[in-house]
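Below is one structure, written out as structure tokens; comments come after it.
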Amino acid sequence: MSARVCPVTGKAPLSGNKRSHSLRATRRTWNVNLQKVKVNLDGKVVTLRLSARAIKTLRKTAKSA
């Protein structure tokens, strides 16, 4: 498994083509927006690297619960 994967959502880097002005195609990757976050799991504080989307979802569910 790659290091740039969100453990919650499973999001991984995407690949595609970079297009110049003359439309020449070269390969490139779009990496996941991973952030270090401290999360309380079973009474222990753990530092995880989560995607920004996962952080927003966790905060939203924690606020409503």
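Numbering starts at 1 and runs along the sequence shown.
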Checklist outcome for this item: Shortest non-hydrogen pair, A12 vs V5, comes out as CB-CG2, 4.0 Å

Next on the checklist: Quick check: closest heavy atoms across R4 and P13, and the distance to 0.1 Å?
Outcome noted: O-CD, 3.2 Å

Item to check | Atom of S51, atom of K11 and distance for their closest heavy-atom approach | outcome: OG-CD, 4.3 Å

Please list every donor-acceptor pair under 3.5 Å in which a side-chain atom of residues 28-38 meets a protein atom from a residue at least two apart or in another chain.
| from | atom 1 | to | atom 2 | distance (Å) |
| --- | --- | --- | --- | --- |
| N33 | OD1 | Q35 | NE2 | 2.6 |

Next on the checklist: Using a 6.0 Å cut-off, check whether atom CZ of R27 has over 12 heavy atoms from anything other than its own residue.
Outcome noted: yes

Checklist entry - Is there a chain of hydrophobic side chains (I, L, V, M, F, W, Y, each step under 4.5 Å between heavy atoms) that links V46 to I55? => result yes

Item to check | Nearest heavy-atom neighbours spanning R49 and P7 | outcome: O-CD, 3.2 Å

